[in-house]
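Everything below concerns the one structure shown next.
This structure is a prediction, so every number in the text was calculated from the model and none was measured. As a basis for the values below, the full set of heavy atoms in this structure was taken, side chains included, without hydrogen atoms, waters or symmetry mates.
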Amino acid sequence: MKLIPVILSGGSGTRLWPVSRGAYPKPFMKMADGQTLLEKTLKRAARLAPDGDLVTVTGRDFYFISADEQRRAGLTDSARLSYLLEPVGRNTAPAIALAAKLVQERWGRETCMLVMPADHLIEDVEAFAASAGHAANLAAGGRLVTFGIVPTRPETGFGYIRTGAQIGEHGKAVVRFIEKPGQELAEKYLAAGEYLWNSGMFCFTAGDFLRALRAAQPGLHDKAEACWRATATDRMPIELDPDTFSAMPDISVDYAVMERAPNVVVVPAGFGWSDVGSWQAVSELSAADAAGNQ
């Protein structure tokens, strides 16, 4: 099965201000090694796409800086680097819906999409690649797959996934998605052993996702169809039609599809994941000096 990494790159730039801001959101923030989060994501994606085919969904204003990051990541075959440029931000469900339309049209409805936010940090790239392979195998069987991070502490800043029966060798059924809990609940989840952090990464075929979207959110599905029809898709980058795209709702893929679909599976993973979502999370990436500064 062909695997196409789909990178979601954008954000409002509020949680890590002033390093991250509206005109320069978190994917472009440099880590201690000098690489941005987007560059690191692109390199991870390239390992999983030997043909070099990648899709990046980003804001129209971020196209040129994103192209610079791709060159820094060593990705120079522009014919295989597809862009969908959003005129406004509309959250992950519209972004993934339009990416699925592109993947279906260009590579076929049975092509597997690996959806990766561009602002996550992953330490163990080999373990991530293995988890992505497990997810792709499950997606080939018609399932919608998400990645759940094995918790290491009672974290109140992440959503959780409650897991159920074993699905194949590497998956578990998703019982339900849970909003960010309070401290007491987070401690119970950690002790129970059946809860995972919701990573916000997904894997499914383009056709399966669009079918699930039609079943769960027919209005959103139709708006995505209308936007794709109104968009000039015969040139790159693809600038999504502003009128029809702006009419789409601002909704996450978790709310729109994953919490409603009957065939959702999670791959438990432990590849050193962080969404770098706060200055506290940033501080944990480096050791303190003798005075306790990081």
query: If you measure from CZ on Arg109 to OG1 on Thr205, what distance do you get to the nearest 0.5 Å?
result: 7.5 Å
- request: Using atom types as modelled and distance alone, determine if a side-chain donor or acceptor of Glu155 lies under 3.5 Å from a backbone N or O of Gly157.
  value: yes
field: Test salt bridge (Lys or Arg N to Asp or Glu O under 4.0 Å) applied to Glu259 and Arg176, step by step
entry: CA-CA 7 Å; Glu259 293 184 6; Arg176 65 187 179 107; over 6 Å; no
query: Same cluster for Leu196 and Leu138 if Ile/Leu/Val/Met/Phe/Trp/Tyr side chains link at under 4.5 Å?
result: no
- prompt: What is the ring orientation for His134 with His170, classed by angle as parallel under 30°, tilted 30 to 60°, or perpendicular over 60°?
  reply: parallel
message: Between Asp254 and Met258 (side chain of the first, backbone of the second, donor and acceptor by atom type, cut-off under 3.5 Å), is there such a pair?
response: no
task: Assess whether side chain to side chain contact (heavy atoms under 4.5 Å, CB included) is satisfied between Met116 and Phe128, documenting all intermediate values.
output: CA-CA 11 Å; Met116 309 163 59; Phe128 171 73; 3.9 Å; yes
task: Would you mind checking if Arg106 and Asp53 are paired as a salt bridge, meaning a charged N to carboxylate O distance below 4.0 Å?
output: no
field: Hydrophobic cluster membership, Val150 vs Phe158, 4.5 Å side-chain cutoff
entry: no
field: Test log, rule side chain to side chain contact (heavy atoms under 4.5 Å, CB included), inputs Cys203 and Val115
entry: CA-CA 6 Å; Cys203 189; Val115 179; over 6 Å; no
- prompt: Can you tell me how far the CZ atom of Arg44 sits from the NZ atom of Lys40, to the nearest 0.5 Å?
  reply: 8.5 Å
- prompt: Between Glu39 and Lys43, is a salt bridge (Lys or Arg N to Asp or Glu O under 4.0 Å) present by the stated rule, with each step listed?
  reply: CA-CA 6 Å; Glu39 182 181 350; Lys43 288 182 175 179; 3.4 Å; yes
- request: Could you please spell out the steps behind the side chain to side chain contact (heavy atoms under 4.5 Å, CB included) verdict for Leu144 and Val265?
  value: CA-CA 6 Å; Leu144 307 183; Val265 175; over 6 Å; no
message: Under a 3.5 Å distance rule, please check whether Thr146 uses its side chain to pair with a backbone N or O of Met201 as donor and acceptor.
response: yes
- prompt: Shared ILVMFWY cluster between Phe177 and Leu185, side chains joined below 4.5 angstrom?
  reply: no
- prompt: In chain order, what residues pass the side-chain hydrogen bond (donor to acceptor under 3.5 Å, both in side chains) check against Arg71, with sequence neighbours excluded?
  reply: Asp68
Atom pair OG1/CG of Thr41 and Asp119 - distance to nearest 0.5 Å: 7.5 Å
- request: Would you tell me whether Glu86 and Thr58 have side-chain atoms, one donor and one acceptor, within less than 3.5 Å of each other?
  value: no
query: When rounded to the nearest 0.5 angstrom, what distance separates CD1 in Ile65 from OG in Ser9?
result: 9.0 Å
field: Salt bridge flag under 4.0 Å for residues Glu126 and Arg47
entry: yes
- prompt: Is Phe28 linked to Leu54 within one hydrophobic cluster, defined over Ile, Leu, Val, Met, Phe, Trp and Tyr using a side-chain heavy-atom separation of less than 4.5 Å?
  reply: yes
query: Hey, what's the ring geometry for Tyr195 with Tyr189, parallel, tilted or perpendicular (30° and 60° as the breaks)?
result: parallel
Which pairs would a plain distance check flag for residues 161-168, meaning a side-chain donor or acceptor within less than 3.5 Å of a matching protein atom at least two apart in sequence or in another chain?
| from | atom 1 | to | atom 2 | distance (Å) |
| --- | --- | --- | --- | --- |
| Arg162 | NE | Glu194 | OE2 | 3.2 |
| Arg162 | NH2 | Glu194 | OE2 | 3.4 |
| Thr163 | OG1 | Glu194 | O | 2.9 |
| Gln166 | OE1 | Lys172 | NZ | 3.2 |
| Gln166 | NE2 | Gly168 | O | 3.2 |
| Gln166 | NE2 | Glu169 | O | 3.1 |
| Gln166 | NE2 | Gly171 | O | 3.1 |

query: Under the 3.5 angstrom rule, does the side chain of Ser252 hit a backbone N or O of Thr92 as a donor-acceptor pair?
result: no
query: Is a side-chain N or O of Thr156 found less than 3.5 angstrom from the main chain of Gly182, in a donor-acceptor match?
result: no
query: Under 3.5 Å, is there a donor-acceptor pair between the Glu123 and Trp273 side chains?
result: no
query: Going by an N to O cut-off under 4.0 Å, is there a salt bridge joining Lys2 and Asp51?
result: yes
message: Quick check on the hydrophobic clustering: are Leu84 and Phe64 connected, directly or via other members, by side-chain heavy-atom contacts under 4.5 Å?
response: yes
message: When you compare the side chain of Ile238 with that of Leu102, does any pair of heavy atoms fall below 4.5 Å?
response: yes
message: Keeping Arg90 on the side-chain end and Ser246 on the backbone end, is there a donor-acceptor pair under 3.5 Å?
response: yes
statement: Distance col, row Trp197:CH2 vs Leu190:CG, nearest 0.5 angstrom, shows 8.5 Å
- prompt: What orientation do Phe204 and Phe209 show, parallel under 30°, tilted 30 to 60°, or perpendicular over 60°?
  reply: parallel
query: Are the side chain of Asn91 and the backbone N or O of Ala93 linked by a donor-acceptor pair below 3.5 Å?
result: no
- request: Go through the side-chain N and O atoms of Tyr83 and Gln70 and say whether any donor and acceptor fall under 3.5 Å apart.
  value: yes
- request: Determine, step by step, whether Leu213 and Ile96 satisfy the side chain to side chain contact (heavy atoms under 4.5 Å, CB included) criterion, reporting the C-alpha distance in whole Å, the side-chain angles of both residues, the deciding distance to 0.1 Å, and the verdict.
  value: CA-CA 10 Å; Leu213 180 65; Ile96 296 172; over 6 Å; no
task: May I ask you to decide if Gly142's main-chain N or O and Asn263's side chain share a donor-acceptor pair within less than 3.5 Å?
output: yes
- request: May I ask you to decide if Val55's main-chain N or O and Ser82's side chain share a donor-acceptor pair within less than 3.5 Å?
  value: no
message: Pair Thr36, Glu69 - check side-chain hydrogen bond (donor to acceptor under 3.5 Å, both in side chains), show working.
response: CA-CA 8 Å; Thr36 65; Glu69 291 300 309; 2.5 Å; yes
